[in-house]
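So you know, we letter chains A, B, ... as the sequences are listed, proteins then strands, and number each from 1. Every value quoted in this text rests on a predicted model; they were computed, and no experiment measured them.
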There are 2 protein chains.
Amino acid sequence: MNYSRQRESIKEYLMSTKEHPTADVIYQHVKEAYPKISLGTVYRNLTLLVDLGEVRKISTGDGTEHYDADTSAHSHYYCRCCHRVMDLEVTPSVDQILAASSAGLGTIEIANLLFTGVCQSCLNEQSQK
Amino acid sequence: MNYSRQRESIKEYLMSTKEHPTADVIYQHVKEAYPKISLGTVYRNLTLLVDLGEVRKISTGDGTEHYDADTSAHSHYYCRCCHRVMDLEVTPSVDQILAASSAGLGTIEIANLLFTGVCQSCLNEQSQK
DNA sequence: TGTAAAACGATAATTATTCCTATTTTTATA
DNA sequence: TATAAAAATAGGAATAATTATCGTTTTACA
């Protein structure tokens, strides 16, 4: 993989913000430094960075993906009203968090824990090759 | 809200499966009983059912939403290889689950806990009206 | 510096989802 | 049961997010 200033700029912007921006928001910002950058380049590099593990993709179900350069273990709170994604300290107990919805965050209507990986049956198929 | 056989059929199918199907998969199935049903009807009813809290929407980031009629507290495991979503017992400790990736599930590369609700600043704005 | 591989910009294409409208179904009630 | 208003539908057009294509530009390195 070769260096690219556009990719560097995307990463830099993502590391500088806590806003969990969408591809389009990232595009608008990076455009200030690279006015000719195309949205396709933003998408291509985001996919790359996610695959490299340098960026996390956050799927809220609001119709567009959010991105986060903070790859440390932490969770998120999504407001279905303003569509913002906020950071949460990782809290040990799911039940505790559910009970603690009065902690000043807002209401908690849905708590969803999603694990992503490669399942046993896919691992088996892959090892057969 | 009025009764509709199409909506009933969608709910029935969702309750009968543990596959966490996408709108299109649901459409293909319900079409067997209602050959003239349209995809728009499936989407409209899924949105309705989610808003009523009778169905959960699961966003995996694979480009399309998954749906689940099991609204009991539970988590999911998503295989980025076969794109299937599997049920997980709710486990009290996130760290425990992370450590337990050898439990026969497969690999766990990402664990993301997402809370959805209405945040404090949106609640404040709403109460001003 | 020259060249091959990688990345880019512009834009077309694709896919998931929502919107629109005339028609049909449902429900309440006479 | 007939009827009329409200709600839902089918079909298709429209939209929005994302991916693919392809000729041009950058990057790496001999």
Joining Ile, Leu, Val, Met, Phe, Trp and Tyr whenever any side-chain heavy atoms lie under 4.5 Å apart, the cluster holding B:Leu52 also takes in B:Met1, B:Leu48
Taken to the nearest whole Å, CG/B:Asn45 to P/D:dA8 is 8 Å
Polar atoms only, N or O, under 3.5 Å: list the protein pairs with nucleotides 22-29 of chain D and their distances.
{"unit_1": "D:dT27", "atom_1": "OP1", "unit_2": "A:Arg5", "atom_2": "NE", "d": "3.2"}

Salt bridge (charged side-chain N to carboxylate O under 4.0 Å, His left out) filter on A:Glu8, not counting sequence neighbours, yields none
Original post:
Backbone N or O of A:Ser4 within a donor-acceptor pair of the A:Asn2 side chain at under 3.5 Å?
Top reply: no
Distances for protein N or O near nucleotides 14-18 of chain C N or O, under 3.5 Å:
{"unit_1": "C:dT17", "atom_1": "OP1", "unit_2": "B:Glu65", "atom_2": "N", "d": "3.2"}
{"unit_1": "C:dT17", "atom_1": "OP2", "unit_2": "B:Tyr43", "atom_2": "OH", "d": "2.3"}
{"unit_1": "C:dT17", "atom_1": "OP2", "unit_2": "B:Thr64", "atom_2": "OG1", "d": "3.3"}
{"unit_1": "C:dT17", "atom_1": "O5'", "unit_2": "B:Tyr43", "atom_2": "OH", "d": "3.2"}

- request: Check whether any side-chain N or O of A:Tyr78 sits under 3.5 Å from a backbone N or O of B:Val118 as a donor-acceptor pair, and report yes or no.
  value: no
Separation of D:dA10 atom P from B:Lys31 atom NZ, nearest Å, is 12 Å
Can you give each donor-acceptor pair under 3.5 Å made by side-chain atoms of residues 22-37 of chain B, sequence neighbours left out, with the distance rounded to 0.1 Å?
{"unit_1": "B:Thr22", "atom_1": "OG1", "unit_2": "B:Val25", "atom_2": "N", "d": "3.4"}
{"unit_1": "B:His29", "atom_1": "NE2", "unit_2": "B:Tyr13", "atom_2": "OH", "d": "3.4"}

Separation of C:dA10 atom P from A:Tyr34 atom OH, nearest Å, is 15 Å
Separation of C:dT25 atom C1' from B:Arg7 atom CZ, nearest Å, is 12 Å
Rounded to whole Å, the NE2-P distance (A:His83 to D:dA17) equals 12 Å
When rounded to whole Å, the CG to C1' distance for the pair A:Leu48 and D:dA20 reads 15 Å
Residue set satisfying side-chain hydrogen bond (donor to acceptor under 3.5 Å, both in side chains) with A:Thr47, at least two apart, ordered chain then number -> none
Contacts of B:His20 meeting ring pair (Phe, Tyr, Trp, His ring centres under 6.0 Å) (sequence neighbours excluded), chain-then-number -> B:His76
B:Glu8 atom CD is separated from D:dA8 atom P, nearest whole Å, by 13 Å
Contacts of A:Arg56 meeting salt bridge (charged side-chain N to carboxylate O under 4.0 Å, His left out) (sequence neighbours excluded), chain-then-number -> none
A:Asp62 CG to D:dA16 C1', in whole Å, measures 12 Å
Side chain to side chain contact (heavy atoms under 4.5 Å, CB included) filter on B:Ser59, not counting sequence neighbours, yields A:Ser59, B:Glu65
### Query
Can you find a side chain N or O atom of A:Ser38 that sits less than 4.0 Å from OP1 or OP2 on C:dA10?
no
